[in-house]
Amino acid sequence: MTTSQTTTFRHSSTANCCDVSEETQSVATGHLDGGIRFWDVRSGERVLDIPKLHEGGVTSVQWNPKNSHEILTNGRDSSLNIIDARTSTAISTFRDPDFRTMTNYASASFSPDAVYVGAGSGDNGDIFVWNVAKNELEKRLSGHQNGAVGLSWGMGGTNGQQVATIDKSGSLILWA
């Protein structure tokens, strides 16, 4: 396979994460300054800047798989936000007193059906799953011995909802 660079995006802040939306032809980037920026993939131009969504930086961004105007963010302020890119506002915020985002690369993810969002806690290793419609914690899963930093949601498993999580020591757990 041969690849070549097609577009370069210039940032004014250190970016921690990115996600591409095929539907909107946009790239979203999360930054240490707590904001997110949106870029046109065809031109490389910045088309939207939403500052100060999180205190201490954005660690993860993901487009909603069922709604191309919404993006999930995880921040160093230990909260997850669903942002409406059309209005530049947070439409949902998810927190728990025991949930901590402790690294600049901690991820969060929508479920494939966008009914849930999830993330791992960097201090206790627990996995937190929130119900988007109810805006409340649905499940808390324990299994990691170290802080969880990565979470990815897929359609596998016995119920079509498979989650993979990884902690700071490299231990990977598959949940179904």
Considering all heavy atoms, the nearest Ala108-Ala119 contact:
CB-CB, 4.0 Å

In this structure, CD of Gln62 is separated from OG of Ser107 (nearest 0.5 Å) by 9.0 Å

Measure the OG-CZ distance between Ser79 and Arg100 for me, rounded to the nearest 0.5 Å.
11.5 Å

Kindly check if the number of other-residue, nucleotide or ligand heavy atoms within 6.0 Å of CD (Gln145) is above 12?
no

Can Ser169 and Asn146 be said to form a side chain to side chain donor-acceptor pair (under 3.5 Å), step by step?
CA-CA 7 Å; Ser169 71; Asn146 292 287; 3.2 Å; yes

Tell me whether Leu137 shares a hydrophobic cluster with Leu80, the cluster being built from Ile, Leu, Val, Met, Phe, Trp, Tyr side chains joined at under 4.5 Å.
yes

Can you tell me how far OG1 of Thr59 sits from CG of Asn104, rounded to the nearest 0.5 angstrom?
7.5 Å

So does Asp98 pair up with Arg140, basic N to acidic O under 4.0 Å?
yes

Before you tell me yes or no, could you show the steps for Gln161 and Asp113 under side chain to side chain donor-acceptor pair (under 3.5 Å), namely the whole-Å CA-CA distance, both residues' side-chain angles and the distance that decides it to 0.1 Å?
CA-CA 9 Å; Gln161 296 281 334; Asp113 57 9; 3.2 Å; yes

Would you say Glu136 has more than 12 foreign heavy atoms packed within less than 6.0 Å of its CD?
yes

Would Leu174 and Trp153 show up in the same hydrophobic cluster when neighbours are defined by side-chain heavy atoms closer than 4.5 Å?
no

I'd like to know if Arg37 pairs up with Asp33 as an ion pair, taking the criterion as any Lys NZ or Arg NE/NH1/NH2 lying under 4.0 Å from an Asp or Glu carboxylate oxygen.
yes

Same cluster or not: are Val129 and Trp175 linked, directly or through other Ile, Leu, Val, Met, Phe, Trp or Tyr residues, by side-chain heavy atoms under 4.5 angstrom apart?
yes

Hydrophobic clustering (ILVMFWY, side-chain heavy atoms < 4.5 Å, transitive) - are Phe94 and Val61 grouped together?
no

In terms of heavy-atom contacts, His54 and Thr73 come closest through NE2-OG1, 2.7 Å

Determine, step by step, whether Val58 and Asn16 satisfy the side chain to side chain contact (heavy atoms under 4.5 Å, CB included) criterion, reporting the C-alpha distance in whole Å, the side-chain angles of both residues, the deciding distance to 0.1 Å, and the verdict.
CA-CA 7 Å; Val58 176; Asn16 288 331; 5.6 Å; no

Is Asn131 reaching over with its side chain to a backbone N or O of Asn135, donor-acceptor style, under 3.5 angstrom?
no

